[in-house]
Protein chains: 2
Amino acid sequence: MTATTHHAIRERIRARIKAGEYPLGTRIPGEAEFAASFGCSRTTVNRALRALADEGIVERRRKGGTRVRPLPVPQAQLTIPLVREQVEATGRRYSHRVVVRGTASTDAAARRRMRLGDDVPLMHLETLHLADEQPFAFERRWVNLWAVPAFASADLSVLSANEWLVREVPFSSGEVSLSAAAASEQVAAVLRVEPGAALFTLDRTTWLDEAAITTMTLSYRPPYTLDFAI
Amino acid sequence: MTATTHHAIRERIRARIKAGEYPLGTRIPGEAEFAASFGCSRTTVNRALRALADEGIVERRRKGGTRVRPLPVPQAQLTIPLVREQVEATGRRYSHRVVVRGTASTDAAARRRMRLGDDVPLMHLETLHLADEQPFAFERRWVNLWAVPAFASADLSVLSANEWLVREVPFSSGEVSLSAAAASEQVAAVLRVEPGAALFTLDRTTWLDEAAITTMTLSYRPPYTLDFAI
DNA sequence: ATCAGGATTATGTATGCACATATTAATTGC
DNA sequence: GCAATTAATATGTGCATACATAATCCTGAT
């Protein structure tokens with residue numbers, strides 16, 4: 001007979017929803033009911049329905065039952081790629097060049113994003129990422145030296161700052177912000193584009209527990225698109 | 001005593017990994033071992049470890065055991081918001097205005113994205129999304145009338161085209177592309193920005209099985225950022 | 001009519017157990 | 001020594017059961 005794996009049950013329920021047997025927003029049978037009709041245990045149905053809930057297909061509420069989401073939320077598992085991997089994925093050779101490195105900069109916007117006062121020492125870094133020696137993206141970064149003191153003496157000739165930090169502080173959370181920005185005179189010169197050109201921009205601030213580790217702004221040289229499936 | 005919920009177990013294991021007790025790439029104890037040390041059943045440990053694997057923190061292989069991922073993948077569950085919800089989330093009133101609607105346009109780029117020949121009838125639509133009557137985003141869309149014939153006579157005064165389609169064809173997959181683009185004369189005029197302004201742009205093509213349903217380009221009026229946590 | 005509070009109910013979770021499955025390790029046969 | 005077979009092992013999964021928890025429904029008092 002038909003399989004009673006949680007996998008199979010999940011797909012059978014998904015198929016019914018897709019076929020319109022349970023219209024949008026309506027309540028679907030309970031776990032016990034499904035278990036009886038599929039001839040499996042409630043545990044198995046539970047796992048299948050939990051998976052569908054994780055996917056955003058259904059909503060579950062205690063006592064309220066399970067219902068098909070009124071409007072399915074188009075959500076995607078977006079992987080923020082390392083610049084090196086982005087370049088190498090297109091078959092080009094990756095390199096990077098540290099343009100500026102010092103502790104002089106006291107960028108107010110950066111401190112605000114990291115929620116740090118003026119007393120915390122920050123390392124400022126500007127890096128140009130290259131693909132086959134052509135400008136690919138420009139990165140401005142600030143690193144909290146209280147949180148990562150070793151960064152002050154890190155060798156960034158092999159690993160880029162980002163890769164160094166990921167290895168050193170692997171388990172951090174972060175906030176990402178995507179936007180479009182006009183190229184400033186300085187950035188335009190480095191990326192070899194016209195001033196005012198539309199640059200795809202990624203801002204990221206990274207935290208370990210309550211401490212801000214680093215914040216950065218990555219400006220991609222056009223044409224650049226971030227693609228993914230939903 | 002400490003809780004033995006799969007939730008608590010998951011966090012305790014996560015804390016150990018974060019603390020560096022199990023370095024990157026190394027194998028961590030097996031389910032049975034954890035169960036004994038935490039005083040819970042193997043089932044509970046299994047569920048906790050499965051959750052950590054879903055998050056990308058650990059990798060699991062039968063017989064191979066569970067190991068900490070060598071480099072954590074920064075991935076995010078990105079929800080593509082409906083424009084209406086984006087506007088209403090900021091407390092403003094949403095409205096939209098259909099600027100152009102017809103079947104005359106034979107946009108080659110749109111047909112290419114949808115992988116359709118010249119014989120398929122397309123409905124072309126240009127919509128301005130407003131927040132408190134101020135331009136918020138401009139949408140250019142093409143709809144495959146073979147796949148969704150009812151769209152030709154849809155009433156788009158209440159629901160926007162996107163919402164109409166989501167209701168009609170709820171379970172579809174798609175490709176999304178994010179980029180930055182300079183505002184054309186026409187788009188600049190509609191959005192009330194300077195021509196050449198940097199616009200955050202979202203392209204999306206939606207499929208039901210093998211049939212392209214719709215493709216669209218959404219240009220956001222600056223300043224706009226797409227924010228999410230990783 | 002309205003509100004408080006308890007009964008009801010659907011999902012959430014923990015457990016012990018059995019067996020499945022994938023993969024490595026060991027052993028056997030040549 | 002090498003290849004094929006077999007054993008060992010860690011995770012994957014299904015099931016029956018029991019209890020937990022949250023939300024709703026219903027009842028009854030005011």
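Chain letters run A, B, ... following the sequence lines, proteins first and then strands; every chain starts at 1.
Side-chain atoms of B/Arg141 and B/Thr214 include a donor-acceptor pair closer than 3.5 Å.
Tested against B/His129 for a side-chain hydrogen bond (donor to acceptor under 3.5 Å, both in side chains), the candidates B/Gln86, B/His96, B/Glu139 yield a single pass: B/Glu139.
In this structure, B/Arg97 places its CZ atom where only 12 or fewer heavy-atom neighbours from other residues, nucleotides or ligands lie under 6.0 Å away.
A search for ring pair (Phe, Tyr, Trp, His ring centres under 6.0 Å) contacts involving A/Trp164 returns A/Phe151, not counting sequence neighbours.
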note = Per-nucleotide protein contact along nucleotides 5-13 of chain C, 5' to 3', at a 4.0 Å heavy-atom cut-off (B base, S sugar-phosphate only, - neither), is ---BBBBBB
Please set out all donor-acceptor pairs under 3.5 angstrom arising from side-chain atoms of residues 24-35 of chain A, sequence neighbours excluded.
residue, atom, partner, partner atom, Å
A/Thr26, OG1, A/Pro23, O, 2.6
A/Arg27, NH1, A/Gly64, O, 3.4
A/Glu31, OE1, A/Arg42, NH1, 2.5
A/Glu31, OE2, A/Asn46, ND2, 2.8
A/Glu31, OE2, A/Arg60, NH1, 3.3
A/Glu31, OE2, A/Arg60, NH2, 2.7

